[in-house]
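Report on one structure; see the data block that follows.
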Amino acid sequence: MSVLPLVFTSGWASGINAYAVILLLGLFGATGLADDVPDALQRPDVLVVAGVLFLCEAAADKIPYVDSAWDTVHTVVRPVAGAVVAALLAGESGSLPELAAGAVGGTTALISHLVKAGTRMAVNTSPEPFSNIGVSIAEDLGVAGLLTFAVFHPVAAAVIAGSLLVLGIVAVLFLASRIRRFLRRRAERRAEKRPAGTGGHPPLP
């Protein structure tokens with residue numbers, strides 16, 4: 001079960017930025033900083049694609065409303081990435097069944113993703129864009145720092161990731177009213193963009 005803490009932390013990080021997880025783990029393995037990184041994550045083509053997508057996410061993640069649209073698209077991508085990375089880590093170490101590792105990584109990534117998406121909705125109710133940039137930078141630094149820490153101190157990193165996950169859930173519940181306000185604004189924007197006569201009532205003669 002020695003790989004379980006790293007699986008959990010990588011799942012938490014994947015829910016925030018899956019491309020950063022793949023890129024960092026791949027670089028750790030390719031440079032010899034970590035011995036248990038699967039060969040699949042160290043492939044040059046995987047690193048290039050992950051790097052390009054990481055840059056795309058880094059840009060989209062800092063633009064109000066674009067970040068929430070990006071989160072919506074990645075509701076499936078991040079949990080799947082978390083599950084795949086976890087299964088690969090388990091297969092490399094042989095200390096945890098791959099199916100179980102995938103379930104842990106995917107579930108943790110899904111919860112982490114929902115926390116991130118909910119937090120971003122709350123942030124988007126603010127009229128200025130600087131909060132989005134600040135939150136995005138904090139997320140990127142948190143993923144990079146904690147994943148690096150997890151490679152060398154997996155148990156301690158898993159405890160921190162679990163604590164951050166619980167705090168994130170509490171924060172989303174606390175910000176529920178602001179999240180509802182964001183959803184209401186988005187619905188109003190969609191209604192404004194809808195062509196006349198398509199709102200369910202016949203157009204006036």
Side-chain angles (χ1 to χ4, degrees), residues 2-62 67 70-71 73-93 95-96 98 101-102 104-117 119-120 133-165 168:
S2 60
V3 77
L4 183 57
L6 181 57
V7 163
F8 180 83
T9 303
S10 67
W12 170 84
S14 295
I16 298 174
N17 193 327
Y19 306 125
V21 172
I22 296 172
L23 181 61
L24 284 172
L25 287 177
L27 289 175
F28 289 154
T31 56
L33 291 175
D35 297 327
D36 295 331
V37 176
D39 293 337
L41 298 180
Q42 302 180 42
R43 290 170 42 183
D45 56 335
V46 172
L47 292 176
V48 169
V49 172
V52 171
L53 291 174
F54 169 74
L55 293 176
C56 292
E57 174 146 342
D61 215 34
K62 294 173 177 60
D67 57 352
W70 185 271
D71 286 340
V73 172
H74 284 74
T75 300
V76 174
V77 175
R78 288 170 183 159
V80 170
V84 170
V85 169
L88 289 173
L89 290 172
E92 186 72 15
S93 70
S95 59
L96 182 69
E98 295 180 29
V104 172
T107 302
T108 306
L110 176 60
I111 297 173
S112 179
H113 163 76
L114 294 176
V115 168
K116 172 179 178 170
T119 303
R120 287 312 184 86
I133 297 174
V135 170
S136 177
I137 293 174
E139 289 173 348
D140 292 342
L141 292 176
V143 166
L146 193 55
L147 193 60
T148 302
F149 186 59
V151 171
F152 303 101
H153 305 282
V155 175
V159 171
I160 296 173
S163 301
L164 291 174
L165 193 61

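Because only heavy atoms are used, hydrogens play no part in the values below, and waters and symmetry mates are left out as well, while side chains stay in.
- The two atoms that bring Val46 and Ala40 nearest to each other are CG2-O, 3.4 Å, heavy atoms only.
- Taking 4.5 Å as the limit, some side-chain heavy atom of Leu146 sits within range of a side-chain heavy atom of Ile160.
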As a quick check of understanding, evaluate side-chain contact (heavy atoms from CB on, under 4.5 Å) for His74 and Lys116, giving each step before the final call. CA-CA 11 Å; His74 284 74; Lys116 172 179 178 170; over 6 Å; no
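- Taken from OG1 in Thr148 to CZ in Phe28, the straight-line distance is 3.5 Å, to the nearest 0.5 Å.
- Contact between Ile137 and Lys62 at its shortest, heavy atoms only, is CG1-CE, 3.9 Å.
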Run Leu24 and Phe54 through side-chain contact (heavy atoms from CB on, under 4.5 Å) and show every step you take. CA-CA 11 Å; Leu24 284 172; Phe54 169 74; over 6 Å; no
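- The CZ atom of Arg78 lies 4.5 Å from the CD atom of Glu57; values are rounded to the nearest 0.5 Å.
- Once rounded to the nearest 0.5 Å, the distance linking CD of Glu98 with CG of Leu88 reads 7.5 Å.
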Leu6 and Leu89: side-chain contact (heavy atoms from CB on, under 4.5 Å), yes or no, with the steps? CA-CA 8 Å; Leu6 181 57; Leu89 290 172; 4.0 Å; yes
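- The minimum heavy-atom distance linking Leu41 with Val37 is given by the pair CB-CG1, 4.2 Å.
- Judged by distance alone, with hydrogens and angles left aside, the side-chain atoms of Arg120 form a donor-acceptor pair with the main-chain N or O of Asp61 at under 3.5 Å.
- Checked options Asn17, Val85, Leu47; the residue passing with Ile22 is Val85 (criterion: side chain to side chain contact (heavy atoms under 4.5 Å, CB included)).
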Please determine whether side-chain contact (heavy atoms from CB on, under 4.5 Å) holds for the pair Arg43 and Val49, giving the CA-CA distance in whole Å, both sets of side-chain angles, and the decisive distance to 0.1 Å. CA-CA 10 Å; Arg43 290 170 42 183; Val49 172; over 6 Å; no
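- Of the inter-residue distances, the one linking Thr75 atom OG1 with Leu114 atom CG reads 7.0 Å to the nearest 0.5 angstrom.
- For the residue pair Gly82 and Ala109, the shortest heavy atom distance occurs at CA-CB, 4.1 Å.
- When all heavy atoms of Phe8 and Gly162 are compared, the closest pair comes out as CE2-N, 3.5 Å.
- Each of Thr108, Val21, Val7 was evaluated against Trp12; a single residue qualifies, Thr108, per the side chain to side chain contact (heavy atoms under 4.5 Å, CB included) test.
- To the nearest 0.5 Å, the span separating CD on Gln42 from OG1 on Thr31 amounts to 8.5 Å.
- Scanning both residues, Pro154 and Pro5, for their nearest heavy atoms gives O-CB, 3.3 Å.
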